[in-house]
Amino acid sequence: QLQLVESGGGWVQAGGSLRLSCATSGIIFSIQDMGWFRQAPGKQRELVAVIGSGGSTNYVDSVKGRFVIARDNAKNTVYLQMNSLKPEDTAVYYCDGLAGAEGDYVPVFEPWGQGTQVTVSS
């Protein structure tokens with residue numbers, strides 16, 4: 001049974017750090033491209049970080065140099081280290097598997113997990 005379980009969110013002051021985790025089950029994680037998405041109130045869900053099955057990474061411009069995505073295939077888990085957080089990073093963060101290629105990724109698994117709330121105060 002497919003499960004995506006995000007954790008690690010919380011409240012932090014601007015400039016702080018958080019590490020998110022997404023534990024997966026029911027997928028062949030090691031061959032799956034994975035991504036972290038976020039959705040702020042009133043906004044569309046956006047893809048912010050990608051990690052390929054081989055470990056290559058890509059980021060949306062707004063988080064480059066601040067966020068690091070990583071994966072542990074032995075634990076079927078993907079991580080998002082978030083540093084130098086800004087109030088505009090406030091959102092619910094989700095992980096999902098990805099299909100497609102750079103610039104044209106789409107999420108593949110349903111249902112989404114419950115997400116994890118990140119709140120950054122100024």
Side-chain angles (χ1 to χ4, degrees):
Q1 181 180 357
L2 169 68
Q3 276 197 314
L4 304 168
V5 181
E6 300 92 347
S7 62
W11 178 90
V12 65
Q13 288 189 322
S17 298
L18 286 172
R19 188 190 191 214
L20 307 184
S21 299
C22 173
T24 74
S25 59
I27 66 173
I28 306 175
F29 182 81
S30 62
I31 64 170
Q32 181 62 56
D33 296 342
M34 296 295 296
W36 280 97
F37 295 77
R38 67 185 179 188
Q39 187 167 21
K43 295 188 177 181
Q44 287 191 329
R45 192 170 299 185
E46 68 167 337
L47 178 61
V48 298
V50 172
I51 186 163
S53 58
S56 61
T57 59
N58 201 4
Y59 303 90
V60 69
D61 285 347
S62 60
V63 308
K64 280 181 181 177
R66 300 188 298 121
F67 289 11
V68 178
I69 188 171
R71 64 191 298 154
D72 185 337
N73 288 344
K75 296 182 177 180
N76 293 338
T77 298
V78 60
Y79 304 96
L80 187 67
Q81 177 68 43
M82 306 188 296
N83 302 318
S84 302
L85 283 160
K86 303 176 180 180
E88 49 264 43
D89 296 318
T90 295
V92 179
Y93 285 72
Y94 304 86
C95 71
D96 204 341
L98 300 173
E102 183 177 343
D104 195 28
Y105 282 115
V106 294
V108 295
F109 297 125
E110 292 282 351
W112 290 80
Q114 83 288 350
T116 186
Q117 175 70 49
V118 172
T119 303
V120 185
S121 64
S122 57

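Computed over heavy atoms, backbone and side chain alike; hydrogens, waters and symmetry mates excluded.
- Both Phe109 and Phe29 are assigned to one and the same hydrophobic cluster, defined by single-linkage of ILVMFWY side chains at heavy-atom distances under 4.5 Å.
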#### Entry: Evaluation steps, side chain to side chain contact (heavy atoms under 4.5 Å, CB included), between Tyr79 and Cys22
CA-CA 6 Å; Tyr79 304 96; Cys22 173; over 6 Å; no
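- Taking CD of Glu88 as the start and OG of Ser62 as the end, the distance is 8.5 Å to the nearest 0.5 Å.
- One hydrophobic cluster, built from ILVMFWY side chains closer than 4.5 Å, cannot hold both Leu18 and Trp11; they sit in different ones.
- Under a hydrophobic clustering in which Ile, Leu, Val, Met, Phe, Trp and Tyr are joined whenever their side-chain heavy atoms come within less than 4.5 Å, directly or via other members, Val118 and Val60 fall into the same cluster.
- Residues Thr90 and Val120 approach most closely at OG1-N, 2.9 Å, considering heavy atoms.
- Counting Ile, Leu, Val, Met, Phe, Trp and Tyr side chains that sit under 4.5 Å apart, directly or through other members, Ile28 shares a hydrophobic cluster with Ile31.
- Side-chain N or O atoms of Arg71 include one that pairs as donor or acceptor with a backbone N or O of Gly52 at under 3.5 Å.
- For Thr24 (side chain) and Asn76 (main-chain N/O), a donor-acceptor pair under 3.5 Å exists by modelled atom type.
- When every heavy atom of Ala14 is checked against every heavy atom of Ser122, the shortest pair comes out as CB-CA, 4.3 Å.
- When every heavy atom of Tyr59 is checked against every heavy atom of Val68, the shortest pair comes out as OH-CA, 3.4 Å.
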### Query
Run the salt bridge (Lys or Arg N to Asp or Glu O under 4.0 Å) check on Asp89 and Lys86 step by step: do they pass?
CA-CA 5 Å; Asp89 296 318; Lys86 303 176 180 180; over 6 Å; no
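- Residues forming a side-chain hydrogen bond (donor to acceptor under 3.5 Å, both in side chains) with Thr57 (at least two apart in sequence, or on another chain): none.
- Scanning for side-chain hydrogen bond (donor to acceptor under 3.5 Å, both in side chains) contacts around Gln13 gives an empty result, with sequence neighbours left out.
- Between Ile69 and Met34 there is no side-chain heavy-atom pair separated by less than 4.5 Å.
- Taking CG of Asp96 as the reference point, atom CZ of Arg45 lies at 8.5 Å (rounded to 0.5 Å).
- Across all their heavy atoms, Leu80 and Ala49 have their closest contact at CD1-CB, 3.9 Å.
- Other members of the hydrophobic cluster containing Phe37, listed by chain and number, are Leu47, Val50, Val92, Tyr94, Leu98, Tyr105, Trp112; membership follows side-chain contacts under 4.5 Å among ILVMFWY residues, whether direct or relayed.
- Using a 4.5 Å heavy-atom threshold, the side chains of Met82 and Val12 count as separate.
- If you check the side chains of Ser17 and Asn83, you find a donor sitting under 3.5 Å from an acceptor.
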Using a 3.5 Å cut-off and no angle test, enumerate the donor-acceptor pairs between side-chain atoms of residues 2-9 and protein atoms at least two apart in sequence or in another chain.
from: Glu6; atom 1: OE1; to: Gln114; atom 2: N; distance (Å): 3.4
from: Glu6; atom 1: OE1; to: Gly115; atom 2: N; distance (Å): 3.0
from: Glu6; atom 1: OE2; to: Cys95; atom 2: N; distance (Å): 3.0

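- Applying the side chain to side chain contact (heavy atoms under 4.5 Å, CB included) test to Ala91 and every residue at least two apart in sequence or in another chain returns Arg38, Ala40, Tyr93.
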